[in-house]
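To start, the structure itself, in structure tokens.
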Amino acid sequence: MNTGNDQSSRLAERIRVAATTGQRLAIVGGGSQRGLAFPAGFDADVQPLEVASHHGIVHLAPSELVVTVRAGTPVVELQAALEEVGMMLPFEPAQPTPSSSVGGMVALGLSGARRPWTASLRDAVLGTRIVNGRGEILRFGGEVMKNVAGFDVSRLMAGSLGGLGVLLEVSFKLLPAPAYQAWLRQEMTAAAFIEQARDWGRSALPFSGLAWADGVCHIRLGGGQEGVQEAAERLGGEPDREGPAFWTRLRDRHLPFLTRSLPAGDRLWRLSLPPATAPLDLPGEWLLNWAGGERWLRSSAAPDAVRAAATEAGGHARLWSGDPAGAPWLHPRPAALLRLEGEVRAALDPDGVFFAPLLPPYPQPARRSA
Amino acid sequence: MDTAATRPPDSETAADALAAVVAALRDELPGDALITAEAERRAYECDGLSAYRQVPGAVALPRTRDQLLACLRLCREHGVPLIPRGAGTGLSGGALPSATGLLLSMARFNRILEIDSANRCAVVQPGVRNLAISEAAAPQGLYYAPDPSSQIACSIGGNVAENAGGVHCLKYGLTVHNVTGLELVTLDGEIIRLGGKTLDTPGLDLLALMVGSEGMLGIVTEVTVRLLPRAERTQVLMARFDEVEAAGRAVAGIIAAGLIPAGLEMMDNAAIRAAEAFVHADYPVDAAAILLCELDGTNAEVSEDVMVVRRKLLELGATEVRTARDDAERARFWAGRKAAFPAAGRISPDYYCMDGTIPRHQLGTVLQRINTLSTEHGLGVCNVFHAGDGNLHPLILYDANQPGQLETAETFGQQILELCVAVGGTVTGEHGVGVEKLDGMCAQFAAPELEQFHRLRRAFDPLGLLNPGKAIPTLARCAEFSRQHIHGGELPHPDLPRF
């Protein structure tokens, strides 16, 4: 193992120079999901910092349930290496294009369909090597399952949208890929799905996915053969011949619901809600994942109305695509929290090297003591 | 620059500053919420790591958020350190008081606010006991998974501060994996809500940063935890091994077979003997090691998995595999493991519990070295091991009444931690750094990393008043540590490959 290309020193040097010259950098991995971190592109003075050439699997130890990989490595390449040894990433990441990188995946922090039953992306992060905004190479966490030494900077990096530092390496907890899977479908309304998912959630059945699209509840089970077959019998429904393809398209966000163009004035939203929340009273079409916890909405509703409904339900709504119309892409947060996020950002990147338009701006320097 | 407590705003000495806070708190707190009498303060002099003791300058037990805010405001104004405390069961001295600080007990924030069975979560105050959550959720068939061995007594707020684990972490995760929301108060008195009942949060993941931050970033006032459905069936296997290495290989073999057991625990011969003498768990006392493997799921899943695990264990060198015949026997198998710490206390006047994590394949090497060190120091050691996730708990046996033995035990312990770091592990898997492992942190982290931790801390607490002197050593301390530890340019364990 440990093939590929180590660019750590070059990346650290580039950041040191940027910090001293006032240059701003936008961290770019495979580039396939750039719009999710930089929806309006780069500001004129921002240079891209290319990380894709920093690639390769550093250490893969299936019996230790761990892999350490450089951030520029394509997710597909990592997945293929894991598949070969019967392992998987527990959070089922999207791999929208062959170039989508591990670093981009972690920086976005999004988890796939297995999230409610196994782990989120950040849950599975065991350790990282990063370059902070001062150009220092730092290591946090490690390759072991349990580690409470120091603040959990590794998991803070998950979902940090390129605003805290450059990911060099990430260590993930792995899980054995299920020996056996089954796919079922049952026709029902969205409201019935939410109730059904809630009731199923009270039993410890081997679910690995519960989604609803176009009037159909899609069930995915994974584990040992007998356990899965018995659970499938208990749940009922017909075998879902399109199941494997459906779950792959859902994972990579390639379902037509997510890809077809939006009518003028419509927007695509991703809502994260307490899973049992009854259907929200918003116009438009829905796609439900995570047993109801993740809900995609194509809607003509005004951003404020979507946000208000999500907040009311105890959740949040991210504008995924469509006209932002002055609304923030991420769900608005209270001023005190934004200030704290800004302080944390300043603690990692004091000179503001990293371009991260979705993160809150830096606080007034007056409060900073160093 | 480091964590040194800041000076009070004027020329007050530290003691005068605390006196001023106490005087003002008399108007803010009910009489029973402020403890100043020396005899009563003494009850708070240590947590579960009793080798470190310090009687606190004063103790506050707020019951409401307003009372808590008053404590924070007054300490901030007078530059007085605040030391948060949960149930005081921590094993690293994270709640060690300060003579001139205010000990802030969160024990009276003890209400379960909501059991939301539809969304499978509970909203609780930080002083609620870990086990009380599972008890409250039991009528709905739900439970809270992390189960540190102190779960009868420890509080969820303390679990959050330490990122507590337990014996079921490999499958169900640590505290960080099971908390979806927190409300906290910063030293500035800002009330911040992170996450909630959703499975992710917008913006930076400050929730991840808060869990395990040892009370240095903010005071947790509310916790939302995930609840899991009780498995239909649970089964435990006990396997006997005549060599420790074979037991280690069997652990890897079970995982290679595609199984993640709910629990996978190993005990070495010394631990087996101590436990057997104490609780009569029917352990084979002449075994080099035993493995306890718990499987849970539906009936069909467990039946299937028991067969696979049994076959694997025998294939990989187990000389006997027993499956618990009923709940009583299952409880007995676990009783020995769960009683390992008190059992050590029974065969030795004192014991010192370590908490390193190692890559599992290093187990044989590490146990061998621990045994060598045990002989060198003349102190016995029992090893219990969360084998599934590599978390090793050597229990060093000593007698504090014998001059020099405590110091020897501490040196022995520090050497074990350095060994864990040298083989690619960590100085603490689940007990936290507290005051106990500050030197271990110097072995594990380089100066720029420690400095980064200090910067993050200042982002939350620029005055450095929350639990000062814990968890993150000062650079000065580490410089002193390395002067003492590197002899002639040699690192400890020079023959081991470094990571």
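Chain letters run A, B, ... following the sequence lines, proteins first and then strands; every chain starts at 1.
For the pair B:Leu438 and B:Val433, the minimum side-chain heavy-atom distance is below 4.5 Å. Using a 4.5 Å cut-off on side-chain heavy atoms (C-beta onward), A:Glu226 and B:Asn299 make no contact. Side-chain contact between A:Ser111 and A:Glu92 is absent, with no heavy-atom pair separated by less than 4.5 Å. In this structure, the side chains of A:Trp269 and A:Leu319 come closer than 4.5 Å at one or more pairs of heavy atoms. Side chains of A:Arg333 and B:Pro202 form a contact here, defined as non-hydrogen atoms less than 4.5 Å apart. Within the 4.5 Å cutoff, no side-chain heavy atoms of B:Cys420 are placed close to those of B:Thr426. Counting heavy atoms from C-beta outward, B:Leu217 and B:Leu209 have side chains that approach closer than 4.5 Å. B:Phe460 is listed as a side-chain neighbour of A:Leu340, based on a closest heavy-atom distance under 4.5 Å.
In terms of heavy-atom pairs under 4.5 Å with chain A, the best-connected choice from B:Leu170, B:Val427, B:Asp305 is B:Leu170. Interface remark: of the candidates A:Arg202, A:Lys173, A:Glu294, A:Gln225, A:Arg202 forms the most heavy-atom pairs closer than 4.5 Å to chain B. Taking chain B as the reference chain and counting heavy-atom pairs below 4.5 Å, the highest number among A:Asp199, A:Leu359, A:Val144 is found for A:Val144. Here B:Pro448 is the residue among B:Gly212, B:Gly297, B:Pro448 with the most heavy-atom pairs under 4.5 Å with chain A. Most heavy-atom pairs under 4.5 Å with chain A: of the set B:Leu199, B:Thr298, B:Asn391, this distinction falls to B:Leu199. Considering only heavy-atom pairs separated by less than 4.5 Å from chain B, the leading option among A:Arg134, A:Glu230, A:Gln229, A:Met157 is A:Arg134. Of all the listed residues (B:Arg226, B:Gln140, B:Glu214), the one sharing the greatest number of non-hydrogen pairs under 4.5 Å with chain A is B:Arg226. For the set A:Arg115, A:Glu136, A:His331, the entry with the most heavy-atom pairs within less than 4.5 Å of chain B is A:Arg115. When each of B:Gly196, B:Gly432, B:Ala471, B:Cys169 is scored by its heavy-atom pairs under 4.5 Å with chain A, the top score falls to B:Cys169. Counting heavy-atom pairs closer than 4.5 Å to chain B, the top residue among A:Gly150, A:Gly142, A:Pro334, A:Gly159 is A:Gly150. No other option in A:Asn147, A:Asn132, A:Val228 has as many heavy-atom pairs under 4.5 Å with chain B as A:Asn147.
When heavy atoms are compared at a cutoff of 4.5 Å, B:Ile192 approaches chain A solely by way of its side chain, counted from C-beta outward. When heavy atoms are compared at a cutoff of 4.5 Å, B:Arg120 approaches chain A solely by way of its side chain, counted from C-beta outward. Neither the backbone nor the side chain of A:Leu358 has a heavy atom closer than 4.5 Å to any heavy atom of chain B. For B:Tyr172, no part lies near chain A; criterion is any non-hydrogen pair under 4.5 Å. For chain A, no part of B:Leu450 is nearby; none of its heavy atoms comes within less than 4.5 Å. Contacts of A:Leu330 with chain B are made by side-chain atoms alone, with heavy-atom separations under 4.5 Å and no backbone atom involved. Heavy-atom distances place the backbone of B:Arg230, and not its side chain, under 4.5 Å from chain A. Looking at B:Ile260, only its side chain comes within 4.5 Å of chain A, counting heavy atoms on both sides. Only the backbone of A:Ala158 has a heavy atom closer than 4.5 Å to any heavy atom of chain B. Neither the backbone nor the side chain of B:Ser303 has a heavy atom closer than 4.5 Å to any heavy atom of chain A. Heavy atoms closer than 4.5 Å to chain A are found in both the backbone and the side chain of B:Ala118. Of the two parts of B:Leu456, the backbone and the side chain both hold a non-hydrogen atom closer than 4.5 Å to a non-hydrogen atom of chain A. The parts of A:Ser272 that come within reach of chain B are both its backbone and its side chain, each placing non-hydrogen atoms under 4.5 angstrom from that chain. Using a 4.5 Å cut-off between heavy atoms, B:Gln444 contacts chain A through its side chain alone, with no backbone atom that close. Looking at A:Pro116, the atoms closer than 4.5 Å to chain B (heavy atoms on both sides) sit in the backbone and in the side chain alike. In this structure, the portions of B:Glu430 lying under 4.5 Å from any heavy atom of chain A include both its backbone and its side chain. Using a 4.5 Å cut-off between heavy atoms, B:Leu194 touches chain A through its side chain atoms alone. When heavy atoms are compared at a cutoff of 4.5 Å, B:His386 approaches chain A solely by way of its side chain, counted from C-beta outward. Using a 4.5 Å cut-off between heavy atoms, A:Leu164 contacts chain B through its side chain alone, with no backbone atom that close. For A:Pro275, the parts lying under 4.5 angstrom from a heavy atom of chain B are both the backbone and the side chain.
Of the charged side-chain nitrogens involved, at least one lies within less than 4.0 Å of a carboxylate oxygen, so that A:Arg234 and B:Glu232 count as a salt-bridged pair. With salt bridges taken as basic N to acidic carboxylate O contacts below 4.0 Å, none links B:Arg458 and B:Asp461. The existence of a salt bridge linking B:Lys197 and B:Glu114 is confirmed by a sub-4.0 Å separation between a basic side-chain nitrogen and an acidic carboxylate oxygen.
Between the side chains of B:Asp200 and A:His316, at least one donor N or O sits under 3.5 Å from an acceptor N or O. In this structure, a donor-acceptor pair under 3.5 Å is present between the side chains of A:Glu143 and A:His59.
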* To do: Decide side-chain contact (heavy atoms from CB on, under 4.5 Å) for B:Leu142 and B:Ser117; before the verdict, give the C-alpha distance in whole Å, the side-chain angles of both, and the deciding distance to 0.1 Å.
  => CA-CA 8 Å; B:Leu142 302 170; B:Ser117 64; 4.0 Å; yes
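A centroid separation of 6.0 Å or more is found between the aromatic rings of A:Phe151 and A:Phe140.
Distance CG/A:Leu338 to CZ/A:Arg345: 11.5 Å, rounded to 0.5 Å. Note that OG of A:Ser154 is 12.0 Å distant from CG of B:Asp205, once rounded to the nearest 0.5 Å.
With a 6.0 Å radius and a threshold of 12 heavy atoms from other residues, nucleotides or ligands, A:Glu83 has its CD atom at or below the threshold.
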